[in-house]
Chemist: 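Structure in structure tokens, see below.
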Amino acid sequence: MRLEKISEKACKKIDFDTVLVNQHLKTLEEMVRIDSRSFGVNEFKGDRTVPTDMIEILECAKNYLTKVGLSKVWVNSSGKKHLFPILMGEVFVGDEKPTLLFYAHLDKQPYMDNEKFEKWGGTPPTELKWNEDGSRAYGRGAADDLSGVVSIGMAIDALIQTISDSAQDDSFSLPCNIKVIFETEEESGSHSLIEQIYENKNFFSGIDCVVITDVVNPAQGIPGLTTSLRGIIQMEVVVTKESEKTPIDEQTALYKLLSKLIYDDHSLAIDEISKSDQPVTDNERKGYTYVPTSVEALRQMAGVLPETCLSVPEDIASILIAQLRTSFANARPGHRISGSVILGTAGARLSFPGAKDPINLAKQIDIILKDQNPFKLKLHIDIVGDSPPIIDLILQSASKDPHSGVNGGPVPIPEIQLARMIDHLISDDGVLHPVIQKLSPDCRLSAQSLFVDQGFNRRLFDDTTAKSLVELRLAPGNKDKSSVEKLKKYLLENKVPGFKLKITEDKGASPWMTTISHPVFSLMLESLEKGFGKKPCLYGCGGTIPFVEKLMQALGDVQPLCLGAYDPDAKMHEPGESLSMPDLLGCARSIIHLISRIQEVYRSAEHNQKK
């Protein structure tokens, strides 16, 4: 039987409610059940205090790949050297065959909810929950990236079964060698990945192409081939006084520092980074206009409030360029456990010792700040104390809290806009806005950060330290290590005099971008069209996959193919994460078509020459 017929027959096994798909969904359910958060634990009373050792999820995945048909599957054995080991597996066909490496990850984001799991509808995020028509399943990791894990497994399983059923003798086999790597540290930065790759040089040698199933498609059931990813740098910034004689408090000094991260139009104010963003060509801008989405859909992805203005013109191309090809700044209270997300709401509690009239004071602050709200975020000013007047400022840009950092760029960040408002109310030397000063000449201001939930319930953090998690998403053209130094330098240059900073680096990864001149990209586009039954588009991802750039660095001249196994409604990194069955099945079928035709691109003679 010809390979074309083999792939067609294998793809028939990948459909709603087939025996093979249902078997794999049971494994998905088992993997969702396992707590494999690689950071951000201790989210509520009774939660675990340290991340899991990943043994349970690795054992589950090892059994899964063995059952699928991989002849060798093992966990990287480095003793206790790596807290987050990689899982590797392979099917070897022959030296004369090309070799495909498939990548997905097993670790997950934090749950980002309380012990009642209210944002998950009361169902624990470790319980896979289906909607009525079976088109979507909810659970932490169901999309990011267990849908990638299962799409790889289903494709290999369906092909091996079909070949086994169709072969007249033992001479008929897979058209290529298959290798698989499942990572357990992607969400926390892939810090040990390069070292683990070098520890397994034999496994990672001779690879022609890498297939990565960890990106989002442009719309449900519409395939995209991702050709760019933003990078990321994060650091915890703590502000402390150098002297007790400083005229403002530490939290106010932190807000004033955060306010310097952006310009008035909300663009990144660190010119050394923003000017390194690779320019978007006229053809690329035109291409973004053809992405099958809408301004309304892009706003809904981030849950942007109807009255909130974006920081860029509201057309598809401008929004996508801001999301995919532009560096931007994000900040979150450093006391709050969260993943790489944007918080839709921010709050601060301001005390005004020396002021006498809280009602008039709140009224005047409201008037002042309305002029400092260019993006029309929802502003709440509440009096919570009379003597001295204590006023809560609550600022909201989005109903989704949190929403994924993938959406960041065109959506104003409430925490930074709040910082700019507070910066406007008081100078570095403690002088209040003239209107407030006139109202209460002896008035002073001190600030505290607030935890604010979606219902606008707020509370002070138990930890009163003035600290923030400052995050930059880096557009192609930048590098993570040099950007870290540029950000540190900028923060130190812009701190309020009389204060010092303690900066602790967290995760980091460089952006990535590829050309599509190699013929494997054309083959992948054709495979996506067959697999999804819809015409694919070239796309980008505003998120970060540290693996991609790091693997390219380690392996050199290897073509990367980034496929979407989930859709924009998946809420990756957010509460209520879900997988989309049309995207899961479409991705698996696309992989089958790619494997079946891979020798058209990497022919034996060329492959041997490369070796």
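These numbers come from the heavy atoms of this one structure, side chains and all, not from hydrogens, waters or symmetry mates.
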Chemist: Please, which pairs that meet side chain to side chain donor-acceptor pair (under 3.5 Å) have at least one residue in residues 346-358, sequence neighbours excluded?
Modeler: Arg349-Asp392
Chemist: Enumerate, atom names and distances included, each donor-acceptor pair closer than 3.5 Å involving a side-chain atom of residues 360-369, sequence neighbours excluded.
Modeler:
none

Chemist: What pairs with Phe499 under ring-ring contact (aromatic ring centres under 6.0 Å, His included), at least two apart in sequence or on another chain?
Modeler: none
Chemist: Does any part of the side chain of Ile232, heavy atoms only, come nearer than 4.5 Å to the side chain of Leu472, both counted from C-beta?
Modeler: no
Chemist: Run the side-chain contact (heavy atoms from CB on, under 4.5 Å) test against Asp462 and tell me which residues pass, sequence neighbours left out.
Modeler: none
Chemist: In chain order, what residues pass the ring-ring contact (aromatic ring centres under 6.0 Å, His included) check against His424, with sequence neighbours excluded?
Modeler: His433
Chemist: Tell me every residue that passes side-chain contact (heavy atoms from CB on, under 4.5 Å) with Pro374, counting only those two or more places apart in sequence or in another chain.
Modeler: Gln417
Chemist: Report yes if the side chains of Lys108 and Asp144 come closer than 4.5 Å at any heavy-atom pair, otherwise no.
Modeler: no
Chemist: Could you give the side-chain donor-acceptor pairs of residues 121-128 under 3.5 Å, partners two or more places apart or in another chain?
Modeler:
none

Chemist: List the residues meeting side-chain contact (heavy atoms from CB on, under 4.5 Å) with Asp113, not counting sequence neighbours, and say none if there are none.
Modeler: Phe117, Glu118, Lys119, Trp120
Chemist: Who pairs with Ser267 by side chain to side chain donor-acceptor pair (under 3.5 Å), at least two apart in sequence or on another chain?
Modeler: Asp265
Chemist: What pairs meet the side chain to side chain donor-acceptor pair (under 3.5 Å) rule with one or both residues in residues 289-307, with sequence neighbours excluded?
Modeler: Glu296-Gln300, Arg299-Glu314
Chemist: Please enumerate all residues that pass side chain to side chain donor-acceptor pair (under 3.5 Å) together with Ser483, with sequence neighbours excluded.
Modeler: none
Chemist: With sequence neighbours excluded, tell me which residues meet ring-ring contact (aromatic ring centres under 6.0 Å, His included) with Tyr490.
Modeler: none
